[in-house]
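Before any comments, here is the structure.
Counting starts at 1 for both ligands and their atoms, following the listed order.
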Amino acid sequence: MTEKLAILGGPKSVLSDPGDIFTWPIITDEIEAAVLRVLRDGTMSGLDVTREFEAGFAAWHQMTYALGHNTGTAALQGAMYGVGVGRGDEIICPSITYWASCMPVYALGGTVVFADIDPDSLCIDPNDIEHRITERTKAIVVVHYVAMPADMDAIMAIANRHNIKVIEDVSHAHGALYKGRMTGTIGHAAAFSLMSGKSFACGEAGMLLTNDREIHERAIAFGHYARHGELTFADLESGAGLPWGGHKYRMHQLSAAVGLEQLKLYPDQMAEIDQAMRYFWELLDDVPGIAPHQPPPDSGTTMGGWYAATGHYRSEQLGGLSVARFAAAVVDEGSKCFPGCNRALHLHPVFNDTDIYRQGRPTRIANLPDGVDIRQPAGSLPVSEGIQARVFRLPWFRRYRPKLIEEHAAAYRKVAESYADLLSDDTETADDGRWGLTAAPRRERG
Ligand SMILES: *Cc1c(COP(=O)(O)O)cnc(C)c1O
């Protein structure tokens, strides 16, 4: 007999103090010293530490060019400009992601066509890309969503067939492997957010990675005027001295100093997180209603730092219990559980009606030929629109502390096994998810 659920007045499952198990980022004495050094040198706006960080980041990925940016959003825009996206061009991007995967295309005069996601990987569905390619399509943005590497082999084959570029958004999957290859090394360019909530946490920062000298130099021309001396392509050199995008995207050297230290710390941290998360799911192997979002063992594909660790929710195995009610019960047991994930971007007004640049037409279609309307109404991307009721965020353990992990797993087991006690009072409607994954959750109990 399991005990009464805490949400119904029973005892909690998690009694131990979490201690440092969720503390992130982990700030060491070495990080503090590195930041102090930059402060005391007065080189916050310099480039020397950033160049060192770029070299280390490139070496970690065995790539040729790394370009530090002040945010991941800026790195994504640099990548888009780098691969040649311009006015009237289209990119294809999954609807389930953080907005920065696609929104910077607007400022280039381009627009976005959304593809649906695969309900298991939660990444762009390779079978929903090709029919969306037009003569205007310049690039596919692939997001390794909540740490799961996307199906890059299938996506690269499509891109190569149509001679379009692939940009990897690696903001959720630092250090993850896809069939033995590092995410961020497979497409034509890759952009990483390195802000503090991400697995590889530097502060506010982003990185652009590529082996293509022209992509690298175009990104320099666009947002790094102070480095125009590095330009070698004649057409770029001819406009050197002022940034082509009017943007100043240089990385802050306090962030670069943190990043240099993180390069040393992250591999071990990633291994510990992986051990902890896999242990959590092993403990729940036989529990109905919930399933891990993780690649098969021995596939050569890994979750890296398990950013925003997510689980699949199967309400049909729990008598139709809503994920919101399930999550509320887990939280009352003393664990962590947030229903849903990002909302489907194609349903937001800025991708439908908003006229950002006062062109007299919605920005989404403002630079397309007359009569071309690529907007995607409700109902057009069914997996993306329904996934919020089918997933939840679980405790993201940064340390391997078996006893504590066992208490959290016990909370999930207890709720799943006692689901019938929750059905009569299930007045929760499925959560719509969040527009920005890193925003504070709307509800946190316990
Ligand atoms: C965080 C994030 C970004 C943007 O990065 P910032 O550093 O916050 O600008 C881009 N794409 C995805 C998928 C993200 O999660």
Exercise. Check each of His172, His69, Met195, His144 against atom 8 (O) of ligand 1 and report the one with the nearest heavy atom.
Key: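 That would be Met195.
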Quiz item: What are the two closest non-hydrogen atoms of Ile21 and Ile405, and how far apart are they?
Solution: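 Closest approach of Ile21 to Ile405: CD1-CG1, 4.1 Å.
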Quiz item: What do you reckon, does Ser101 put a non-hydrogen atom under 4.0 Å from ligand 1?
Solution: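 Under 4.0 Å: yes for Ser101.
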Check: [X] N/O within less than 3.5 Å of ligand 1 N/O:
| X | answer |
| --- | --- |
| Thr97 | no |
| Lys198 | yes |
| Leu194 | no |
| Tyr307 | no |
| Ser193 | yes |

Exercise. Check whether NZ of the Lys or CZ of the Arg Arg218 lies under 6.0 Å from the centre of the six-membered ring of Tyr81 and within 45 degrees of that ring's axis.
Key: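 Yes - Arg218 lies over the ring of Tyr81, closer than 6.0 Å to its centre and within 45° of its axis.
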Quiz item: Under 6.0 Å from the six-membered ring centre of Tyr307 and within 45° of its axis: does the NZ or CZ of Lys198 meet both?
Solution: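 That pair qualifies as a cation-pi contact.
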Quiz prompt | Under-4.0 Å heavy-atom contact with ligand 1, by part of Asp169 that carries it | solution =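 Side chain only.
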Number the atoms of ligand 1 from 1 as they appear, then name those within less than 4.0 Å of a heavy atom of [X], with their elements.
| X | answer |
| --- | --- |
| Gly72 | 5 (O), 6 (P), 7 (O), 9 (O) |
| Ser171 | 2 (C), 3 (C), 10 (C), 11 (N), 12 (C), 13 (C), 14 (C), 15 (O) |
| Leu76 | 10 (C), 11 (N) |

Practice problem: Evaluate whether atom CZ of Arg87 has more than 12 neighbouring non-hydrogen atoms of other residues, nucleotides or ligands under 6.0 angstrom away. | Solution: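 Not more than 12 within 6.0 Å, no.
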Quiz prompt | Heavy atoms from other residues, nucleotides or ligands near CG of Asn163 exceed 12 (cutoff 6.0 Å) | solution =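 Incorrect, the count does not exceed 12.
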Quiz item: Could you give all pairs that pass the salt bridge (Lys or Arg N to Asp or Glu O under 4.0 Å) test and reach residues 378-388, with sequence neighbours left out?
Solution: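 For residues 378-388: none.
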Kindly list each side-chain donor-acceptor pair under 3.5 angstrom involving residues 31-42, sequence neighbours excluded, with atom names and distances?
none

Quiz item: Between the side chain of Glu54 and the main-chain N/O of Tyr65, is any donor-acceptor distance below 3.5 Å?
Solution: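 No, the answer is negative, given that no donor and acceptor are paired below the 3.5 Å cut-off.
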